[in-house]
There are 2 protein chains.
Amino acid sequence: MAGTYQLNQHPARPTARPIPIVLGLPVPEPCGSCGVRHMSLCHAVEDKDLARLVDLATTDTIRPGRVFIQEHDPAIEFFNVTSGTARLFKLLPDGRRQITGFAGPGHFLGLAVGPSYSFSAEAVDDMKVCRFPRPKMVRLLHDFPAVEHRLLEVAAGELAAAQEQMLLLGRKTARERVASFLLARAAPPIPCGPTETRLHLPMSRSDIADYLGLTIETVSRTLTRLKADRLIELHGPSEVELLDTCQLNAIAGAEFAV
Amino acid sequence: MAGTYQLNQHPARPTARPIPIVLGLPVPEPCGSCGVRHMSLCHAVEDKDLARLVDLATTDTIRPGRVFIQEHDPAIEFFNVTSGTARLFKLLPDGRRQITGFAGPGHFLGLAVGPSYSFSAEAVDDMKVCRFPRPKMVRLLHDFPAVEHRLLEVAAGELAAAQEQMLLLGRKTARERVASFLLARAAPPIPCGPTETRLHLPMSRSDIADYLGLTIETVSRTLTRLKADRLIELHGPSEVELLDTCQLNAIAGAEFAV
DNA sequence: TGGGGAAATTGATCCATCTCAAGGCAGGAA
DNA sequence: TTCCTGCCTTGAGATGGATCAATTTCCCCA
């Protein structure tokens, strides 16, 4: 349980480079195929080396609700999310669930410590992923230290996010948790100010509850209260508009709120 | 918030190699000096290369209560704990604290993503640490991919531990949290059975409470109840004896309890 | 366009944990 | 030794969020 790791100045999750338009020519675009352009690993390698990375991958679509990573199963694959969202979670023997995160486009997952996965992953909505066989991935990481370096940066970012989530789960009130969640969904982070921001929440109330350590009812009531306080507006269950990010930041407990 | 990362079959936190006794000769023992032998990084490098690692380090002792890493401060150093224990924590503006982990001998910390630390660290008891200047460390990681590889393994282990802690904070009862905490302190993990295990807890009730997302009083009451149920014995506030690890595992919600 | 089932909201009550408060104990200073 | 201070334990009462229980809304599909 030690700290996070700093390696250089790159942001943890840079926005993916746009796929270059190649004027209709069928030029090999290794980073573009299989959505690899969207992997943050991508810009760690030169294009000629990336071709090898792409060769490893097979694409796959996943229907909502399908569990594609099962905790304790042998970790034989590594996934890159191309589109859609997955929920990552752990279960207690009696069925209580904690969602440890949501993985959207660009996220990669499945490289566990030890021989088996330490969490399960299930599609929230329709997903597209690339699958990489583990042994090949391990060899590739060995051959390209730059990729491994990038992976360490990403892991360090995840670790910082995990610590932030521990603070939320251990010490924040329901109102603070929901405010934090909404602001975190608005990437890039909105510091403060009356910017109108509209969010789409692909996950259900049940998912949000299990992510925030609350119940469905508390999440719903808290959203209703935030609406009554004119901090947010609800356009159906999965569209949220942030009306006062300044106040929301203050509620969320952001260090640099006002 | 994506998953954890698997790179090979090594355990996440191997027990440190013993420092070889060199029969009193003042032979250079690079891995041994500055407690580097206790770094899990150590066995990733050959001894001649380790000499360079050791050259970077300066040793330091830290008094109980001293904050030696401050959240948001520029991350200019990297620490390796040689002896003693540190608490790693994050604060909310109003002073609420979440301890995200305890770092004992062999743990290294401080390599944050981005330019500043994402958490604070404070000595629980008397500590000895090695300090590594960040720029030199970055260069060293670049020169020795094996060290970086090892660091990624460690980070992956931390990430799995963080997910486990999220499950605890989000979904476990006070009794389950305390049982989980006690079992986790007993490294290596005790699966089940009536083994008599004695634990030393260097941290205060307040630390335990802030680590488990509870109050001091609840921690104390819960320990008292576990004692009344003959699952543990208390020999003073900081000595705990586990009487029935089997049942404790079941309470903690271990997947493979009985 | 309307019907049906799942998801979300809302309400009433309960309870695990927090809060407030009062001792108890152990270790250090004089 | 005795006081003193800080931590820990124990008790009594308060409460935020959980639980139980209806509706209501959404949205998919005929």
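Note on naming: letters A, B, ... go to the chains in the order of the sequence lines (proteins, then strands), and numbering restarts at 1 for each one.
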Asp207(B) CG to dG6(D) P, in whole Å, measures 17 Å
Handout entry: Any side-chain heavy-atom pair of Thr222(B) and Arg177(B) under 4.5 Å
Key = no
Practice problem: For Asp126(A) and Arg63(A), run salt bridge (Lys or Arg N to Asp or Glu O under 4.0 Å): C-alpha distance rounded to whole Å, both residues' side-chain angles, the deciding distance at 0.1 Å, then the answer. | Solution: CA-CA 5 Å; Asp126(A) 277 303; Arg63(A) 301 255 148 246; 2.9 Å; yes
Report each atom pair, protein N/O against N/O of nucleotides 20-24 of chain D, whose distance is under 3.5 angstrom.
from	atom 1	to	atom 2	distance (Å)
dC20(D)	N4	Glu217(A)	OE2	3.0

Leu201(A) CG to dA8(C) P, in whole Å, measures 10 Å
Rounded to whole Å, CG of Leu223(A) lies from C1' of dA7(C) at a distance of 14 Å
Backbone N/O of Ile62(A) and side chain of Asp60(A): donor-acceptor pair under 3.5 Å: no
The single option from Phe108(A), Phe68(A), Tyr117(A) that satisfies ring-ring contact (aromatic ring centres under 6.0 Å, His included) with Phe79(A) is Phe68(A)
For dT10(D) and Thr224(B) - does any side-chain N or O of the residue sit under 4.0 Å from the phosphate oxygens OP1/OP2? yes
With a 6.0 Å cut-off (strictly less than), is the heavy-atom count around CZ of Arg66(A), excluding the residue itself, greater than 12? yes
Would you list the protein and nucleotides 26-30 of chain D atom pairs, both N or O, that sit under 3.5 Å from each other?
none

In whole angstroms, the gap separating C1' of dA7(C) from CG of Asp210(A) amounts to 15 Å
Between Leu183(B) and the options Leu248(B), Thr197(B), Val178(B), the side-chain contact (heavy atoms from CB on, under 4.5 Å) test singles out Leu248(B)
Notebook entry, point to check: Is a donor on one side and an acceptor on the other found under 3.5 Å between the side chain of Lys172(B) and the backbone of Ala252(B)?
Noted result: yes
Result for side-chain contact (heavy atoms from CB on, under 4.5 Å) between Tyr211(B) and one of Gln165(B), Arg87(B), Arg97(B) points to Gln165(B)
In whole angstroms, the gap separating P of dA26(C) from NE2 of His235(B) amounts to 15 Å
Atom CD1 of Ile216(A) and atom C1' of dA18(D) are separated, to the nearest Å, by 12 Å
pair Asp207(B)-Leu201(B): side-chain heavy atoms closer than 4.5 Å
no
Provide a list of protein-nucleic acid N or O atom pairs under 3.5 angstrom, restricted to nucleotides 14-17 of chain C.
from	atom 1	to	atom 2	distance (Å)
dT17(C)	OP1	Ala174(B)	N	2.8

Asp244(A) vs Arg230(A) side-chain heavy atoms within contact, under 4.5 Å:
no
Quick one: does any side-chain atom of Glu233(B) pair with a main-chain N or O of Leu242(B) as donor and acceptor, under 3.5 Å? no
Here the distance between atom P of dC8(D) and atom CG of Leu226(B), to the nearest Å, is 17 Å
Rounded to whole Å, the CG-C1' distance (Leu234(A) to dT10(C)) equals 14 Å
